[in-house]
Amino acid sequence: MSFLQIENVNKHYSDVEVLKGINIEINKGDFLVLVGPSGCGKSTLLNMIAGLDEISGGDISIDGQSMAGIHPSKRDIAMVFQSYALYPNMNVAQNISFGLEMRKVPKLEREQAVQKVAKMLQMEALLNRKPSQLSGGQRQRVAMGRALVRNPRVFLFDEPLSNLDAKLRVDMRTEIKQLHQRLGATIVYVTHDQIEAMTLATKIAVMNAGIVQQFGTPQEIYDNPVNTFVAGFMGSPSMNLIQAKVCNVKDKLHFEVATADQGEPLLLPVKRDQQALSGYLGHTITLGLRPETITDPGSANRSEGQIHEADLKVEVTEPTGADMFVVTQLGGREVVARMRSRCGAQAGEKSRFAFDVSRNLAFDSQSGKRIQ
């Protein structure tokens with residue numbers, strides 16, 4: 001039986017529907033990430049799990065117990081907020097132990113719990129400091145410590161890293177992942193950052209406009225997005241989505257893609273979902289190409305992929321150190337390829353591109369749904 005079960009949950013304010021029939025189930029010890037753009041309803045759903053917001057319809061249950069009518073303080077849930085929410089007049093140790101004190105936990109037991117959590121988060125030296133004497137990353141550790149010390153049934157994280165700088169976010173992501181692995185805790189984590197979602201989650205719910213667009217493991221969602229929203233949202237850089245025509249060349253299906261110079265179109269053999277795509281013969285579809293499936297010939301994975309090469313004009317090059325993002329024009333849109341930093345591509349010149357056609361995805365241009 002699922003540990004956290006969200007069944008047909010709806011939320012509306014007056015006549016505005018914020019969440020529409022949300023269904024999610026996770027097992028004990030899972031790390032669920034709710035990811036999506038601002039305003040998609042992910043924080044609202046988190047608040048409803050916590051009991052801070054009322055459900056308009058449906059039910060949420062934890063460990064087989066319905067949360068309907070149960071006060072937030074009785075749900076055995078710990079929440080870590082974006083704003084840290086520390087008491088400025090208390091030191092770190094007092095902030096961490098405050099919840100235990102309110103629950104009448106004996107002083108010795110409180111002190112032992114604080115020391116254990118402080119060691120786990122490597123902040124023993126900070127216990128006597130006030131929040132004003134801490135950096136942003138240290139404050140976030142204290143907020144996490146306050147949640148961890150309680151050992152609740154479910155941890156809820158509401159965009160906890162959004163106030164941190166880029167390097168600190170990466171460090172804290174690693175810490176949160178290690179904590180999850182050590183504790184085996186059940187975590188629900190809200191973010192708009194799809195890199196956080198991919199690196200932390202065991203399960204991801206991609207949300208948009210109050211609807212779960214896709215639910216699955218990070219790899220399932222990355223490799224097999226169900227629609228163009230998920231395809232374009234998950235991945236950095238995001239999937240290239242371009243217009244292509246399904247055509248027949250020598251009795252084999254191909255994607256015909258217009259090039260920047262309006263010369264001979266690029267013909268990419270169809271290797272996936274051939275039966276479904278045969279019904280689109282002569283029609284324009286949306287073709288999905290991950291940047292890492294377009295590279296220089298020397299980097300192409302010929303042992304696993306099926307490689308098709310073409311000479312295309314380079315619009316822009318963006319070196320990132322080990323890799324270089326190379327931009328060309330296909331199907332009337334900019335397309336990003338991931339190449340080696342020393343591949344020799346130069347802006348304004350033609351370069352050889354290698355396409356792994358075995359990983360191309362096709363979507364219906366009208367509905368945006370995956371063709372498979």
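In this model, no donor atom of one side chain and acceptor atom of the other lie less than 3.5 Å apart for Asp323 and Thr320.
Scanning both residues, Gly41 and Leu19, for their nearest heavy atoms gives O-CD2, 3.5 Å. Here the shortest heavy-atom pairing between Pro225 and Met239 reads CG-CE, 4.3 Å. Of all heavy-atom pairs spanning Ala345 and Val314, the tightest one is CB-CG2, 4.3 Å. Minimum interatomic distance between Ala347 and Val316 (heavy atoms only, all atoms of both residues): CB-CA, 4.4 Å. Between Val257 and Gly331, the closest heavy-atom pair is CG1-N, 3.5 Å. When all heavy atoms are compared, the tightest approach of Pro152 to Ala78 is CG-CB, 3.5 Å.
In this structure a side-chain-to-backbone donor-acceptor pair under 3.5 Å is present from Arg75 to Ile49. The backbone N or O of Pro269 sits nowhere less than 3.5 Å from a side-chain atom of Lys252 that would complete a donor-acceptor pair. When atom types are taken as modelled, the side chain of Thr186 and the backbone of Gly29 share a donor-acceptor pair closer than 3.5 angstrom. Looking at Ser278, its side chain does come within 3.5 Å of a backbone N or O of Gln275 through a donor-acceptor pair. Put simply, the side chain of Asn27 never gets that close to the backbone of Asp30: no donor and acceptor are under 3.5 Å apart. One N or O on the side chain of Asn23 and one on the backbone of Asn8 form a donor-acceptor pair closer than 3.5 Å. Side-chain atoms of Asp356 come within 3.5 Å of backbone N or O of Gln306 as a donor-acceptor pair. Proximity of a side-chain donor or acceptor of Gln94 to a complementary backbone N or O of Asn91 within less than 3.5 Å is detected. No donor-acceptor pair under 3.5 Å is formed between the side chain of Asn47 and the backbone N or O of Leu52. A donor-acceptor pair is defined here as one N or O able to donate and one able to accept, closer than 3.5 Å; no such pair exists between the side chain of Arg173 and the backbone of Glu196.
No continuous path of ILVMFWY side-chain contacts below 4.5 Å connects Ile285 to Phe229, so the two sit in separate hydrophobic clusters. Residues Ile294 and Met234 do not share a hydrophobic cluster, clusters being chains of Ile/Leu/Val/Met/Phe/Trp/Tyr side chains in contact below 4.5 Å. If you chain together hydrophobic residues whose side chains sit under 4.5 Å apart, Leu287 and Val327 never meet in one group. By the criterion of side-chain heavy atoms lying less than 4.5 angstrom apart, applied directly or through intervening Ile, Leu, Val, Met, Phe, Trp or Tyr residues, Ile96 is not grouped with Phe98; the two fall into different hydrophobic clusters. Hydrophobic clustering (side-chain heavy atoms under 4.5 Å, transitive across Ile, Leu, Val, Met, Phe, Trp, Tyr) groups Leu361 together with Leu241.
Residue Asn248 holds its CG atom at 6.0 Å from CG of Leu281, rounded to the nearest 0.5 Å. Atoms NZ and CG, from Lys271 and Leu253 in turn, are 10.5 Å apart once rounded to the nearest 0.5 Å. Interatomic distance, Gln366 CD to Thr286 OG1, rounded to the nearest 0.5 Å: 9.0 Å. Atoms CG and CD, on Leu32 and Glu25 in that order, are 12.0 Å from each other to the nearest 0.5 Å. In this structure, the separation between NZ on Lys20 and CE on Met207 is 10.5 Å, given to the nearest 0.5 Å. Separating the CD1 atom in Ile62 from the CD1 atom in Ile77 is a distance of 3.5 Å, to the nearest 0.5 Å.
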Show the numbers, then the answer: is there a side chain to side chain contact (heavy atoms under 4.5 Å, CB included) between Leu161 and Ile176?
CA-CA 10 Å; Leu161 309 184; Ile176 291 171; 4.1 Å; yes
Please lay out, stage by stage, how Gln65 and Arg153 fare under the test side chain to side chain contact (heavy atoms under 4.5 Å, CB included).
CA-CA 12 Å; Gln65 179 188 9; Arg153 289 192 294 181; 3.7 Å; yes
Starting from the C-alpha separation in whole Å, work towards a yes-or-no answer on side chain to side chain contact (heavy atoms under 4.5 Å, CB included) for Gln329 and Glu334.
CA-CA 5 Å; Gln329 285 260 351; Glu334 288 188 344; 3.8 Å; yes
Val92 and Arg141: side chain to side chain contact (heavy atoms under 4.5 Å, CB included), yes or no, with the steps?
CA-CA 10 Å; Val92 169; Arg141 275 197 183 91; over 6 Å; no
Stepwise salt bridge (Lys or Arg N to Asp or Glu O under 4.0 Å) test for Arg340 and Asp296:
CA-CA 7 Å; Arg340 292 173 300 167; Asp296 57 283; 2.8 Å; yes
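In this structure the side chain of Tyr87 reaches within 4.5 angstrom of the side chain of Arg146, judged on heavy atoms. Contact annotation: the side chain of Met123 never approaches that of Gln138 to less than 4.5 Å [non-hydrogen atoms, C-beta and beyond]. Side-chain contact between Leu200 and Lys177 is present, with heavy atoms from C-beta onward closer than 4.5 Å. Looking only at side-chain heavy atoms (C-beta outward), Cys247 and Leu267 come within less than 4.5 Å of each other. Side-chain contact between Leu148 and Leu183 is present, with heavy atoms from C-beta onward closer than 4.5 Å. A 4.5 Å side-chain heavy-atom check between Phe255 and Val357 finds every atom pair outside the cut-off. By the 4.5 Å heavy-atom criterion applied to side chains, Met324 and Cys343 are counted as neighbours. Residues Leu168 and Gln140 form no side-chain contact, since every pair of their non-hydrogen atoms from C-beta on lies 4.5 Å or further apart.
Other residues, nucleotides and ligands contribute over 12 non-hydrogen atoms within 6.0 Å of the CZ atom of Arg302.
Put simply, the residue from Gln214, Arg370, Lys369, Gln213 that forms a side chain to side chain donor-acceptor pair (under 3.5 Å) with Asn227 is Gln213. For the ring-ring contact (aromatic ring centres under 6.0 Å, His included) with His180, the qualifying choice from Phe31, Phe155, Tyr189, Phe157 is Phe31, the only one to do so.
Applying the side chain to side chain contact (heavy atoms under 4.5 Å, CB included) criterion to Ser56, with sequence neighbours excluded, gives Lys11, His12.
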